[in-house]
**Q** 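This is the structure I want to talk about, given as structure tokens.
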Amino acid sequence: MIKKLLVTLLMSMSAAAAMAVPFGSQSVLVIEDATGKVLLEKNPNQVVSIASLTKLMTAMVVLDAKQNMNELIAIDERDVDIVKHSTSRVPVGGVISRQDVLTLALMSSDNRAAAALGRTYPGGVVAFKSAVRAKVAALGMTQTVIEEPTGLSPNNKSTASDLVKMARAASAYSEITRITTESSDTINISGREVEYRNTNRLVGAKGWEIGLSKTGYTEEAGRCLIMKIKSAGRNATLVLLNAKASSARIVDALSIRRFIAGDEAPAPVIAHARTRQRVTQPVIVLASAARAPAIKTSLRSHARHQPRVVAAAKTPPAKARFASRVKLKQNKPVIHVHRRA
């Protein structure tokens, strides 16, 4: 009887802790790697589009084929996105080694690169799709459908629960973990050196230990993220699906890292600059973020009237270690945030 009461108490405490962490993502799942224990969850079995998270599956299937990674691949018109008409810094006609094409697909999430990997798979696109279906089945991803290698199709769908399985499998490939945790790389394209950066701004950020990373975005999928992280000596895998903005995705990741470390769930504190004019872009400071780096999210297209998010280093906003200066230009206030020397 006492044992049952203890189990019930522990479960209720865990549920209360999970509810204390507010999430902007539609689906969330955080698993402790050592035990497989669910630390946090929100709609983990909801089937949604997964965008470029697809590219982790593409990479595994390509590496399983054991192709010559030094072989040169020519990017052609068949690799151009005709679904979303997304842009690419990889030119048609560019000649790149398969190894560098894999890097472009994973690190900078380039769609032409991912399409070229599928097109040049042994047996072509048909054989690639067959290999993907076999891999999905082998990993027990029963709620997952992947129709093409880029993630541009809204029909590439999965759940947070299935994607944890994919992340676990992908982390066993040293090439995938190495590429996805590099903040930038220089790629030789037809004899020209071009620098590309990681789409996950947390990679390389101070205080973050990341063992695997992949972002994703389409209009249908929202902002998505898979990461394996280490916080306070604990390793965990997190999946975030369908956040409405990059800022929400980052705040969710920060909240999860602090939760894993045993800190309280952060309560956002809104600090408005003093001005006679109405400020439409407040600054949100996440209090008690001792382990969080200062990260500014740039809200360009979708978040015109949304706040700019800044994770404070150690001190809560009440101690005024940040100074806000409002500059009015064309009746549109712009807030500049800087740390006092």
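Computed from a prediction, not measured in an experiment: that's the story for all the values here. Heavy-atom basis, side chains included; hydrogens, waters and symmetry copies ignored.
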**Q** Looking only at the side chains, is there a donor atom on one of S52 and K55 sitting less than 3.5 Å from an acceptor on the other?
**A**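 Yes, because at least one side-chain N or O of S52 sits under 3.5 Å from a partner of the opposite role on K55.
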
**Q** Going by distance alone, is a donor N or O of one side chain under 3.5 Å from an acceptor N or O of the other, for N198 and S183?
**A** no

**Q** Can you confirm whether the side chains of E147 and N156 place a donor and an acceptor under 3.5 Å from each other?
**A** no

**Q** After noting the C-alpha distance and the side-chain angles of I187 and I96, does the key distance pass the side chain to side chain contact (heavy atoms under 4.5 Å, CB included) rule?
**A** CA-CA 8 Å; I187 305 297; I96 318 169; 4.0 Å; yes

**Q** Give, for atom CG of N43 and atom CD of E41, the distance between the pair rounded to the nearest 0.5 Å.
**A** 9.5 Å

**Q** Given the ring of Y196, does R89 sit roughly above its face, with NZ or CZ under 6.0 Å from the centre of the six-membered ring and within 45° of the axis?
**A** yes

**Q** Does the side chain of N45 pick up a donor-acceptor pair with the side chain of T159 at under 3.5 Å?
**A** no

**Q** Would you mind reporting whether K135 and D64 have side-chain heavy atoms less than 4.5 Å apart?
**A**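 Sidechains of K135 and D64: in contact.
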
**Q** Which value, rounded to the nearest 0.5 Å, describes the distance between T177 atom OG1 and I210 atom CD1?
**A**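 Nearest 0.5 Å value for the OG1-CD1 distance: 12.5 Å.
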
**Q** Using every non-hydrogen atom in the two residues, find where S231 and A261 come nearest and quote the distance to one decimal.
**A** OG-CB, 3.4 Å

**Q** Is the closest side-chain heavy-atom distance between E193 and E195 below 4.5 Å?
**A** no

**Q** If I take atom NZ from residue K214 and atom OG1 from residue T54, how far apart are they, to the nearest 0.5 angstrom?
**A** 9.0 Å

**Q** Side chains of M141 and M57: does their closest heavy-atom pair fall under 4.5 Å?
**A** yes

**Q** Distance only, no hydrogens: is a donor on one side chain within 3.5 Å (strictly under) of an acceptor on the other, for T150 and E148?
**A** yes

**Q** If I compare all heavy atoms of A131 with all of V61, which pair ends up nearest, and what's the gap?
**A**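 So the minimum-distance heavy-atom pair works out to CB-CG1, 3.6 Å.
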
**Q** How long is the straight-line distance from CZ of R249 back to CG of N200, given to the nearest 0.5 Å?
**A** 7.0 Å

**Q** If you apply the rule side chain to side chain contact (heavy atoms under 4.5 Å, CB included), what do you find for L29 with K42, and how did you get there?
**A** CA-CA 6 Å; L29 185 58; K42 174 186 176 182; over 6 Å; no

**Q** If you measure from the Lys or Arg side-chain nitrogens to the Asp or Glu carboxylate oxygens, is any gap between R234 and E32 under 4.0 Å?
**A**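 Salt bridge flag = yes for E32 with R234.
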
**Q** Of all heavy-atom pairs between A236 and V30, which one has the smallest distance, and what is that distance?
**A** CB-CG1, 4.3 Å

**Q** Using only heavy-atom distances, determine whether the side chains of T199 and T215 contain a donor-acceptor pair under 3.5 Å.
**A**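 On atom types as modelled, these side chains qualify, holding a pair under 3.5 Å.
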
**Q** Between Y121 and Q67, is any pair of side-chain heavy atoms under 4.5 Å apart?
**A** yes

**Q** What distance do L238 atom CG and L40 atom CG have between them, rounded to the nearest 0.5 Å?
**A**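 Reported to 0.5 Å precision, the distance equals 9.5 Å.
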
**Q** Side-chain heavy atoms nearer than 4.5 Å, only ILVMFWY residues, links allowed to pass through others: does that put V47 and L139 together?
**A** no

**Q** Please lay out, stage by stage, how E209 and K228 fare under the test salt bridge (Lys or Arg N to Asp or Glu O under 4.0 Å).
**A** CA-CA 9 Å; E209 293 186 59; K228 293 182 78 69; over 6 Å; no

**Q** Can you check whether L106's main-chain N or O pairs, donor with acceptor, with S109's side chain at less than 3.5 Å?
**A** no

**Q** Side chains of E71 and Q99: donor-acceptor distance under 3.5 Å anywhere?
**A** no

**Q** When rounded to the nearest 0.5 angstrom, what distance separates CG in L56 from CE in M60?
**A** 6.5 Å

**Q** Checking side-chain polar atoms at under 3.5 Å, does D162 have a donor or acceptor matched by the opposite partner on T144?
**A**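 There is such a pair (donor and acceptor under 3.5 Å, judged by atom type) between the side chains of D162 and T144.
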
**Q** Assess the residue pair L53 and Y217 against the criterion (side chain to side chain contact (heavy atoms under 4.5 Å, CB included)); give the C-alpha distance rounded to whole Å, side-chain angles, the decisive distance to 0.1 Å, and a yes or no.
**A** CA-CA 9 Å; L53 301 184; Y217 171 74; over 6 Å; no

**Q** I want to check something: taking the side chain as every heavy atom from C-beta on, are E182 and R197 in contact at a cut-off of under 4.5 Å?
**A**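 E182 does not reach R197 side chain to side chain.
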
**Q** Under a 4.5 Å cut-off applied to non-hydrogen side-chain atoms, are T180 and M107 in contact?
**A**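 No, side chains not in contact.
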
**Q** State whether D110 and R112 are salt-bridged, where the test is any N-O pair (Lys NZ or Arg NE/NH1/NH2 against Asp/Glu carboxylate O) under 4.0 Å.
**A** no

**Q** Would you confirm whether S49, through its side chain, and A51, through its main-chain N or O, come within 3.5 Å as a donor-acceptor pair?
**A**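 Here the side-chain-to-backbone pair does not exist.
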
**Q** With a cut-off of 6.0 Å (strictly less than), are more than 12 heavy atoms of other residues, nucleotides or ligands near CD of E219?
**A** no

**Q** To check you understand the geometry: which heavy-atom pair defines the closest contact between A114 and T58, and what is its length?
**A**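 Of all heavy-atom pairs spanning A114 and T58, the closest is O-CG2, 4.3 Å.
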
**Q** So do the side chains of V136 and T142 get within less than 4.5 Å of each other, counting heavy atoms only?
**A** no

**Q** Quick test of your reading of the model: are R119 and D76 salt-bridged, counting only N-O distances below 4.0 Å?
**A**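 Looking at D76 together with R119, the answer is yes, because their closest N to O distance falls below 4.0 Å.
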
**Q** With a 4.5 Å cut-off on side-chain heavy-atom distances among I, L, V, M, F, W and Y, is there a chain of contacts connecting M166 to Y173?
**A** yes

**Q** Which heavy atom in L240 sits nearest to a heavy atom in A253, and how many Å separate them?
**A**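 Looking at all heavy atoms of both residues, the shortest contact is CD1-N, 4.1 Å.
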
**Q** Quick check on the hydrophobic clustering: are V80 and L152 connected, directly or via other members, by side-chain heavy-atom contacts under 4.5 Å?
**A** no

**Q** Membership question, hydrophobic clusters at under 4.5 Å side-chain separation (ILVMFWY): are M69 and L104 in the same one?
**A**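 Per the 4.5 Å side-chain linkage, L104 and M69 are co-clustered.
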
**Q** Run the side chain to side chain contact (heavy atoms under 4.5 Å, CB included) check on V28 and L241 step by step: do they pass?
**A** CA-CA 6 Å; V28 178; L241 301 176; over 6 Å; no

**Q** Out of curiosity, does V125 fall in the hydrophobic cluster containing L102 (side-chain heavy atoms, cut-off under 4.5 Å, transitive links)?
**A** no

**Q** Measure across S86 and N111 and return the closest heavy-atom pair with its distance rounded to 0.1 Å.
**A** OG-ND2, 3.1 Å

**Q** Find out whether I31 and K37 are in side-chain contact, i.e. whether some heavy atom of one side chain is under 4.5 Å from a heavy atom of the other.
**A**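 In short, these two side chains do not touch, never coming nearer than 4.5 Å.
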
**Q** Distance-only, no hydrogens or angles: does the D252 side chain make a donor-acceptor pair with backbone N or O of S25 under 3.5 Å?
**A** yes

